[in-house]
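Lettering of chains follows the sequences in order, A, B, ..., and the numbering in each one begins at 1.
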Amino acid sequence: MIKTVKHTRDILPSEFSQDTSAQSHRFQHVEAIAREAFRRYGFREIRTPIFEHTELFARGVGTETDIVSKEMYTWTDINGDSLTLRPENTAPVIRAYIEHKMAHQSDLAKLFYIGPQFRRERGQKGRFRQFYQIGVEVIGKSDNPAIEAEVIEMIYWMLTELKIEQTQLLINSVGCPVCRPNFNEMLKREVAPHLPQMCGNCNRRYETNILRVLDCKEDAAIVSKFPSTLNLLCQECSTHFAKFRTYLDARSIPYKIEPRLVRGLDYYTRTAFEITSGSLGAQNSLLGGGRYDGLSETLGGSAAKGFGFALGLDRFVMSLPQDVEDPSVPLLFLAHLGEKAMEYALKLASSLRREGVACAVDFEARSLKNSMKLADKVKAKNVLIIGEDELVKGRYVLRNMSTGEQSELTEEELFERFKAK
RNA sequence: GCGGGCAUAGCUCAGUUGGUUAGAGCGCCUGACUGUGGAUCAGGAGGUCACGGGUUCAAACCCCGUUGCCCGCCCCA
């Protein structure tokens with residue numbers, strides 16, 4: 001049997017999967033709420049290709065990051081180009097922003113995307129090699145922290161609508177090209193004497209990404225004595241962060257300042273944030289994002305400010321309450337008895353569907369009992385019984401499957417009844 | 001890339017110190033009920049016991065290897 005590639009999976013209709021974390025209607029539910037949020041907040045959809053030139057990620061995300069150094073699906077195309085399945089979607093969006101000269105057409109581009117991303121990681125709870133992200137990017141002239149607060153407000157609206165609980169907002173500022181080099185240097189001086197007592201990861205991070213040393217759980221005791229990024233921000237970064245917090249307070253959005261929150265991607269500046277869930281296991285990050293004011297220039301565009309986040313759709317679906325209703329159930333099930341009745345039922349279904357009624361017809365000739373069983377199985381709300389008698393009378397029996405009430409009505413009345421809904 | 005656990009029916013899982021024809025619940029199909037679902041009862045279909053090798057008179061069970069899945073590390077969504 002040919003199966004899905006390791007650490008990838010199928011998302012199935014609910015009748016084929018009991019696993020609530022892999023049912024397609026639950027994915028649709030999150031997407032629908034997200035699209036409604038984007039409509040209200042004025043975000044417009046962008047769809048970029050799922051593969052790009054490898055160089056885009058090398059330059060955008062950073063060669064030294066784990067993502068680029070060991071997790072990308074990269075291959076050489078027939079003409080020699082190095083191509084890569086996108087491991088994230090911010091760099092592609094900025095690429096499109098530059099390529100289509102959006103800066104000339106609008107002060108601020110507010111974009112969202114929904115789609116699969118690919119990273120060759122070892123699978124785990126809430127982590128897959130093809131995973132789905134919904135993200136937004138705000139790109140343009142302004143770096144007003146009000147943008148950040150508004151985006152987070154929108155996220156909270158989504159979390160509330162989706163009834164996702166046990167969440168926590170963590171915020172931090174990682175500085176800018178002015179203050180970060182000083183901070184990195186100072187941190188290196190502080191950490192150096194402790195290196196022999198610290199774990200292997202920290203010793204490695206000391207070289208590759210000194211900031212991440214602050215995020216070590218193993219050496220938490222030592223790490224807690226190191227200076228926080230927040231004390232060393234330059235004046236402008238410090239003011240930016242303070243204003244950001246004021247805007248959050250004004251919206252009554254609770255947050256926790258987490259000086260150890262350091263994003264692994266190179267492009268982040270200033271504000272970094274993350275929302276975690278208490279119900280996810282080790283991979284507890286529901287979404288994360290931040291500001292990336294230099295990315296446009298890094299990718300060869302003109303200067304532009306940027307802020308965005310990506311949410312893990314797979315993880316959102318796992319965090320959803322159990323009772324998300326599957327909307328794709330037939331309103332009306334047509335049960336028929338006899339050949340003529342079946343022909344009539346097939347035609348009637350076509351007409352009903354043209355009027356927008358979701359209906360199902362049995363393709364087999366069954367006993368009424370078995371048709372009823374089938375209707376029950378597909379969770380039909382109503383069943384229309386079409387037998388020889390009904391055909392002659394031109395009046396059909398309509399049964400409400402939840403109350404059991406039955407009534408007789410003509411074809412005309414049937415259309416009247418269901419079109420209204 | 002590293003570590004731990006697991007692998008028996010569509011699903012969840014039993015399976016004794018190795019011993020005949022591998023079981024249960026749920027689900028599925030059929031019937032009791034020839035025009036009325038959910039309940040009950042009866043029957044039925046469904047298995048390369050993950051794969052390959054080894055030990056043994058005999059392996060679902062013991063040993064080795066492989067693959068896959070789960071969980072953790074790393075990192076991230």
For [X], which contact category applies under a 4.0 Å heavy-atom criterion: base, sugar-phosphate, or nothing?
| X | result |
| --- | --- |
| A/Ala310 | sugar-phosphate |
| A/Glu390 | base |
| A/Gln406 | base |
| A/Gly135 | nothing |
| A/Glu274 | nothing |
| A/Asn370 | sugar-phosphate |

Extract from the structure each pairing of a protein N or O with an N or O of nucleotides 38-41 of chain B at less than 3.5 Å, listing the distance.
residue, atom, partner, partner atom, Å
B/rG38, O4', A/Asp376, OD2, 3.4

Could you state the [atom1]-[atom2] distance from [X] to [N], rounded to the nearest angstrom?
| X | N | atom1 | atom2 | result |
| --- | --- | --- | --- | --- |
| A/Arg366 | B/rU36 | CZ | P | 16 Å |
| A/Glu88 | B/rC75 | CD | P | 18 Å |
| A/Arg119 | B/rA77 | CZ | C1' | 7 Å |
| A/Ile67 | B/rC75 | CD1 | P | 12 Å |
| A/Ile114 | B/rA77 | CD1 | P | 17 Å |
| A/Leu311 | B/rA77 | CG | P | 11 Å |
| A/Phe309 | B/rA77 | CZ | P | 12 Å |
| A/Phe128 | B/rC71 | CZ | C1' | 13 Å |

Exercise for the section: Find out whether the Lys NZ or Arg CZ of A/Arg86 is both under 6.0 angstrom from the six-membered ring centre of A/Phe118 and within 45° of the ring's axis. Expected result: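 Checked: cation-pi criterion not met.
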Problem - Side-chain donor-acceptor contact under 3.5 Å, A/Gln23 with A/Ser17 - result: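 No.
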Exercise for the section: Please check if any side-chain donor atom of A/Tyr73 sits under 3.5 Å from a side-chain acceptor atom of A/Glu71, or the reverse. Expected result: no
Practice task
Pick out which of A/Glu405, A/Met401, A/Gln406 makes a side-chain contact (heavy atoms from CB on, under 4.5 Å) with A/Thr403.
Solution key: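 That would be A/Glu405.
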Practice task
Find which nucleotide of RNA chain B each of A/Leu374 and A/Arg120 is nearest to by heavy atoms, and output the residue with the more 5' nucleotide.
Solution key: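 Result of the comparison: A/Arg120.
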Exercise for the section: Could you check if a side-chain atom of A/Asp314 sits within less than 4.5 angstrom of a side-chain atom of A/Phe128, using non-hydrogen atoms only? Expected result: yes
Exercise for the section: Please tell me if the side chains of A/Ile171 and A/Lys256 come closer than 4.5 Å, counting only heavy atoms from C-beta onward. Expected result: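 A side-chain contact is absent here, since even the closest heavy-atom pair is not under 4.5 Å.
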Exercise for the section: Give me the ring orientation class for A/Tyr268 and A/Tyr292: parallel if the planes are under 30° apart, tilted from 30 to 60°, perpendicular past 60°. Expected result: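 Taking A/Tyr292 first and then A/Tyr268, their aromatic rings stand perpendicular (interplane angle over 60°).
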Practice task
Indicate the ring-plane relationship of A/Tyr344 and A/Tyr396, choosing parallel, tilted or perpendicular according to the 30° and 60° boundaries.
Solution key: parallel
Within the structure, does a side-chain N or O atom of [X] lie under 4.0 Å from either OP1 or OP2 of [N]?
| X | N | answer |
| --- | --- | --- |
| A/Lys6 | B/rG68 | yes |
| A/Gln283 | B/rA77 | no |
| A/Gln124 | B/rC71 | no |

Could you work out the separation of [N] and [M] based on their [atom1] atoms and round it to a whole Å?
| N | M | atom1 | value |
| --- | --- | --- | --- |
| B/rG3 | B/rC13 | P | 27 Å |
| B/rC28 | B/rU34 | C1' | 24 Å |
| B/rG10 | B/rG27 | C1' | 7 Å |
| B/rU20 | B/rG35 | P | 48 Å |
| B/rA60 | B/rA9 | P | 15 Å |
| B/rC63 | B/rA77 | P | 42 Å |
| B/rC57 | B/rG15 | C1' | 23 Å |
| B/rA45 | B/rG72 | C1' | 42 Å |

Problem - Pair A/Lys393 + A/Glu408, salt bridge at N-O below 4.0 Å - result: yes
Handout entry: A/Lys340/A/Glu388 salt bridge by N-O under 4.0 Å criterion
Key =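 Here A/Glu388 does not pair with A/Lys340 in a salt bridge, since their nearest N and O are not under 4.0 Å apart.
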Problem - side chain to side chain donor-acceptor pair (under 3.5 Å) partners of residues 176-192 of chain A, not counting sequence neighbours, each pair once - result: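 Every pair satisfying side chain to side chain donor-acceptor pair (under 3.5 Å) with a residue in residues 176-192 of chain A: there are none.
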Fill in the blank from the handout: RNA chain B in dot-bracket form (Watson-Crick or G-U pairs under 3.5 Å, [ ] crossing, | inter-strand) is (((((((..((((.....[...)))).(((((.......))))).....(((((..]....))))))))))))....
Practice task
Between B/rA77, B/rG35, B/rG72, spot the one nearest the side chain of A/Glu121, thanks.
Solution key: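 The answer is B/rA77, which lies nearest to the side chain.
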Exercise for the section: Working to the nearest 0.5 Å, report the span between CZ of A/Arg366 and CG of A/Leu368. Expected result: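 Rounded to the nearest 0.5 Å, the CZ-CG separation comes out at 12.0 Å.
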Practice task
Please list, chain by chain and in numerical order, all residues satisfying ring pair (Phe, Tyr, Trp, His ring centres under 6.0 Å) with A/Tyr113, sequence neighbours excluded.
Solution key: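 Testing A/Tyr113 for ring pair (Phe, Tyr, Trp, His ring centres under 6.0 Å), a comparison that skips the adjacent residues, returns none.
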Problem - Counterpart residues, side-chain hydrogen bond (donor to acceptor under 3.5 Å, both in side chains), relative to A/Thr4 (two or more places apart) - result: none
What nitrogen or oxygen pairs link the protein and nucleotides 3-11 of chain B at under 3.5 Å?
residue, atom, partner, partner atom, Å
B/rG3, O6, A/Arg122, NH2, 3.4

